[in-house]
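Bear in mind the structure is a predicted one, so any value in this text is a computation, not a measurement. Chain identifiers are assigned alphabetically (A, B, ...) following the order of the sequence lines, protein sequences preceding nucleic acid strands; residue numbering begins at 1 within each chain.
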Amino acid sequence: MDDDNITVNEEGRSSVSFIEQIIIDDLKAGKNGGRIHTRFPPEPNGYLHIGHAKAICLDFGMALKYGGKCNLRFDDTNPVKEDVEYVDSIKEDIHWLGFDWEEREFYASDYFGKLFEYAVDLIKRGLAYVDDQSAEKISEQKGTPVKAGQDSPYKNRTVEENLDLFYRMNEGEFDEGAKVLRAKIDMSSPNMHMRDPIIYRILKKSHHRTGSKWNVYPMYDFAHGESDYYEGITHSLCTLEFEVHRPLYDWLVEHLKTDDYRPRQIEFNRLNLTYTVMSKRKLLELVQEGRVSGWDDPRMPTLCGLRRRGYTPESVKKFVDMIGYTKVEAINDVTLLEHAVRDDLNVKAPRVFGVLKPLKVVITNYPEDMVEDLEVINNPEDESMGSRKVHFCKDVYIERDDFMEDPPNKFFRLAPGREVRLKGAYIVKCDSFRKNDNGEIEEIYCTYDSETRSGGGSNRKVKGTLHWVSARHAADAEIRLYDRLFKHEDPAGEKDTDFREFLNPDSLEVLKGCKIEPWLAEARPLEKFQFQRMGYFCVDYDSTPAKPVFNRTVSLKDPWAKINK
RNA sequence: UGCUCCGUGGUGUAACUGGCAACACGUCUGACUCUGGAUCAGAAGAGUUCAGGUUCGAGCCCUGACGGAGCAACCA
């Protein structure tokens, strides 16, 4: 059991989500044999995003915590939308998060045979019928939420006729849309889903797993509860929009079950993040329209995008744990996600020097040919990460933003006549600078105080400490900075405006000619570092030793940025 | 104008069978600092959508409003 993430109040009682409480109560009551068995049921029609991570953490997390199991089940009942391409990415992402379904990799399509039999059984029991009407007609008869529906003229066909028709539907005798199988429930139910829902439709499409074997495919509603039942699922956790499906889920399970065991569907709130969209359809559009570079664009809320951005699985799980599971439709602040990565990377990421926008500094009183190897600590949060050597010489680069010709009072960095410490090296003083023809500052001239070498026992204090890198040794790098993809907190929430209108044109800034410690060019994709004072960065897939590329995962908290506003 | 679900600081959550509304993020102070990071100390910020009712006592129970979301795909 993992108790780390349980909030404990003053009386020492742990507070758990309403779902966990239900599980605890069910276990205590010995329901379904006192076992817990969950499932994560993605449709293989897109890449997983952080909203799925919330579901994964719950499905796998609860099973793990209470000694149960969690199945991976691909909900592949619609061959026109699904593809194997997605199956592999989904498995990879779940593993990345650190969860495992062992040998229990299932597909709803595994049950097409059983499901067909159950449909036949319902027909025989007079609980399902074949309807010949068009989609439009059926929809029309369905009524509206405020108006009862009316029975189909085909509702009272004989069992024999229904059976014959259903078999022939599957044999391919009828065109798509010509006939459907419907459960015979109640056309006047206040719940639209109970108005004789369609449970099978004709689809003459090849399925990514069953090929051309079937001409009829079950609808989601008809497959889900039964699949849960077949697999022995005890707690079927899903998002809030399925709440109104529950009576149908229960109806189908009730008519299927032959024993006391019964899976229970429980709904929780979906994850929404500020400044992004979360629906698969919208994410797909961003990809297809080239608004992002792909599903794994580091600005995407997909798990592969977050991974490429430099997020760790631990940070995603921590975030999910912080936001909780309720029935309230909430919009979670991205800053909480960002806090979660910073918190995780603060402990894990080695500190290095990287200058994003370099400005040359010449230390005029430093010997021309001298090079010192200065020892710097890798991570003040973790001594075991040791130290490394960095080269120091007469020419260094500092951050362009760390110098101001005419600075305000609260600016603690370099300016004419002011002193700063070059971290791990010496205190330097700016004596003068040179501008180019465009009036831009081109080079700064400093003198250093040789008594102030780091670790040398000097107790001179200066207000500011800058990161830097030796101009003679640095490697060049490309650094990609990311901002929120949308300018609007809830881009999909504005009814009259297309979400694309809110795209942030400046969400990607590519910096070239950045200067990094030379050895960093060899770092492998996804390796993570803190570029001191600048943020957390990770090596991009595009990176090569000859042309290193880094992504900024998230900046460091920056009080100066606020003062400067 | 139907059914279902939901309304607690800015945001997300907590508050056992009713008992002084708690935590995290964010914000603001201050300390410390060779990262304006981290860390530490502290502060502000809600009286729980509203109105009634039950009760010694209601965020929790009851009634009624109001507000929001979902549901009318041969999608999941």
Side-chain angles (χ1 to χ4, degrees), chain A residues 7-11 13 15 17 41-43 45 75-78 80-82 108 131 134-135 138-140 142-149 176-182 189-195 198-203 216-217 219-221 223-224 238 240-247 267 269 274 280-281 319 322-333 335-340 342-343 346-347 351 353 376-377 380-381 410-413 420-425 427 452 454-455 461-467 530-535 555-563:
Chain A
T7 336
V8 176
N9 69 13
E10 285 163 28
E11 290 83 39
R13 252 178 11 83
S15 116
S17 73
E43 181 185 18
N45 70 341
D75 222 329
D76 55 352
T77 55
N78 187 352
V80 318
K81 289 172 64 185
E82 295 145 9
D131 196 329
S134 67
I138 289 175
S139 159
E140 188 189 315
K142 202 159 209 169
T144 69
V146 293
K147 185 172 155 261
E176 286 186 13
K179 289 180 168 36
V180 290
L181 184 68
R182 295 227 254 166
S189 168
N191 183 335
M192 297 295 287
H193 297 275
M194 298 300 269
R195 325 245 260 227
I198 292 167
I199 56 178
Y200 258 99
R201 77 288 216 187
I202 300 170
L203 248 28
V216 293
Y217 291 90
M219 298 287 289
Y220 160 85
D221 280 311
H224 207 91
C238 63
L240 248 25
E241 67 270 27
F242 291 102
E243 216 151 24
V244 286
H245 292 242
R246 196 182 339 126
E267 311 84 11
N269 61 346
T274 52
K280 269 195 211 171
R281 201 202 83 226
F319 168 69
M322 288 191 291
I323 62 175
Y325 300 87
T326 69
K327 304 189 75 152
V328 185
E329 311 220 15
I331 300 186
N332 298 278
D333 202 322
T335 60
L336 193 55
L337 213 211
E338 293 173 347
H339 168 261
R342 285 197 189 99
D343 199 46
N346 179 42
V347 195
R351 271 58 170 173
F353 290 146
V376 293
I377 221 97
E381 303 292 320
K410 289 194 171 164
F411 188 77
F412 301 158
R413 312 179 190 183
V420 294
R421 172 173 288 281
L422 295 180
K423 186 164 175 71
I427 291 176
T452 58
S454 285
K461 301 277 184 208
V462 286
K463 202 78 172 146
T465 301
L466 308 185
H467 62 285
Q530 184 198 93
F531 286 5
Q532 237 156 146
R533 302 207 305 134
M534 302 312 286
S555 64
L556 251 30
K557 277 171 77 179
D558 183 6
W560 167 245
K562 264 177 223 155
I563 298 167

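- Of all nucleotides listed (B:A76, B:C28, B:U35), B:U35 comes nearest to the side chain of A:Thr465.
- Of the candidates B:U35, B:G36, B:A72, the closest approach to any side-chain atom of A:Gln530 belongs to B:U35.
- Between A:Phe242 atom CZ and B:C71 atom P the separation is 10 Å, expressed in whole Å.
- Between B:U17 and B:C62, the distance separating the two P atoms is 14 Å to the nearest Å.
- Distances shown here put a side-chain N or O of A:His339 below 4.0 Å from the OP1 or OP2 atom of B:C25.
- Of the side-chain N and O atoms in A:Ser139, one or more sit less than 4.0 angstrom from OP1 or OP2 of B:A73.
- Salt bridge status for A:Lys280 with A:Glu43: absent, with no side-chain N to carboxylate O gap under 4.0 Å.
- Using the six-membered ring where Trp is involved, A:His245 and A:His193 have ring planes that are tilted, between 30° and 60° apart.
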Steps toward side chain to side chain contact (heavy atoms under 4.5 Å, CB included) verdict (A:Leu466, A:Arg533): CA-CA 8 Å; A:Leu466 308 185; A:Arg533 302 207 305 134; 3.5 Å; yes

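- Contact check, A:Lys461 against B:C34: a side-chain N or O comes under 4.0 Å of OP1 or OP2.
- A:Met194 places its CE atom 16 Å from the C1' atom of B:G2, with the value rounded to the nearest Å.
- Within the 4.5 Å cutoff, the side chain of A:His224 has no heavy atoms near those of the A:Thr77 side chain.
- Annotation: B:U49 and B:A31 have their C1' atoms spaced 42 Å apart (nearest Å).
- Atom NZ of A:Lys81 is separated from atom C1' of B:A76 by 5 Å (rounded to the nearest Å).
- Listed pair A:Arg201 / B:A73 fails the phosphate criterion, with no side-chain N or O lying under 4.0 Å from OP1 or OP2.
- B:A22 and B:G9 have their C1' atoms separated by 12 Å, with the value rounded to a whole Å.
- In this model, no side-chain donor or acceptor of A:His193 finds a partner on the base of B:A73 within 3.5 Å.
- Taking atom P on both B:G57 and B:C5, the two are 31 Å apart, rounded to the nearest angstrom.
- The side chain of A:Arg351 sits closest to B:G37 out of B:G37, B:G2, B:G12.
- A stacked arrangement is assigned to A:Trp560 and the six-membered base ring of B:G36, with a centre-to-centre distance below 5.5 Å and an interplanar angle below 30°.
- Nucleotides B:C25 and B:G19 place their C1' atoms 30 Å apart, quoted to the nearest Å.
- Side-chain atoms of A:Glu381 come within donor-acceptor range of the base of B:G37, with a qualifying N/O pair under 3.5 Å.
- Between A:Met192 and A:Val244 there is no side-chain heavy-atom pair separated by less than 4.5 Å.
- Base orientation of B:G47: syn (glycosidic angle within 90° of 0).
- In this structure, of B:U4, B:U35, B:C75, it is B:C75 that holds the atom nearest to the side chain of A:Met219.
- Annotation: B:U48 and B:A43 have their P atoms spaced 24 Å apart (nearest Å).
- Nearer the 5' end of RNA chain B, as judged by each residue's closest nucleotide, is the contact made by A:Val462, out of A:Val462 and A:Ile202.
- Residues A:Leu181 and A:Val216 form no side-chain contact, since every pair of their non-hydrogen atoms from C-beta on lies 4.5 Å or further apart.
- In the set B:G12, B:A76, B:U35, the nucleotide with an atom closest to the side chain of A:Glu43 is B:A76.
- Dashed line: the shortest gap from a side-chain N or O of A:Lys557 to OP1 or OP2 of B:A38 is under 4.0 Å.
- Look at the C1' atom in both B:C71 and B:A24: the space between them is 34 Å, to the nearest Å.
- The nucleotide whose nearest atom lies closest to any side-chain atom of A:Glu243 is, among B:U35, B:C5, B:G36, B:C5.
- Each of B:C6, B:U35, B:G12 was ranked by its minimum atom distance to the side chain of A:Gln532; first place goes to B:U35.
- Within the structure, a side-chain polar atom (N or O) of A:Thr77 is placed less than 4.0 Å from OP1 or OP2 of B:A76.
- Between B:G26 and B:U13, the two C1' atoms lie 14 Å apart (nearest whole Å).
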Bracket string, RNA chain B, 5' to 3' - pairs by Watson-Crick or G-U geometry under 3.5 Å, | interstrand: .((((((..((((.....[..)))).(((((.......))))).....(((((..]....))))))))))).....

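- Partners of A:Thr274 by side chain to side chain contact (heavy atoms under 4.5 Å, CB included), not counting sequence neighbours, listed by chain and number: A:Ile331, A:Asp333, A:Val334, A:Glu489.
- Inter-residue side-chain proximity for A:Leu240 and A:Lys327 is flagged as met; some heavy-atom pair is nearer than 4.5 Å.
- Phosphate contact (OP1/OP2 of B:U13, side-chain N/O of A:Asn269, threshold under 4.0 Å): present.
- Residue A:Asp131 is tested with A:Lys142, A:Arg201, A:Lys179, A:Arg182 for a salt bridge (charged side-chain N to carboxylate O under 4.0 Å, His left out); the sole match is A:Arg182.
- The side chain of A:Val244 approaches B:U4 more closely than any other nucleotide in the set B:C34, B:U4, B:C25.
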Residues A:Tyr217, A:Asn78; criterion side chain to side chain contact (heavy atoms under 4.5 Å, CB included); working and verdict: CA-CA 7 Å; A:Tyr217 291 90; A:Asn78 187 352; over 6 Å; no

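- Nearest nucleotide to the A:Ser454 side chain, out of B:C6, B:C34, B:C74: B:C34.
- Considering only heavy atoms from C-beta on, A:Arg413 comes within 4.5 Å of A:Trp560 through its side chain.
- Taking atom CD1 of A:Ile198 as the reference point, atom C1' of B:A72 lies 12 Å away to the nearest angstrom.
- Proximity note for A:Leu556 (side chain, C-beta onward) versus B:C71, B:C75, B:G37: the nearest is B:G37.
- Distances shown here put a side-chain N or O of A:Lys562 below 4.0 Å from the OP1 or OP2 atom of B:C28.
- Residues A:Met534 and A:Ser134 both approach RNA chain B. Their nearest nucleotides, taken by heavy-atom distance, put A:Met534 toward the 5′ side.
- The side chain of A:Arg246 contributes no N or O atom lying less than 4.0 Å from OP1 or OP2 of B:U4.
- Between the side chain of A:Arg413 and the base of B:G36, a donor-acceptor pair under 3.5 Å is found.
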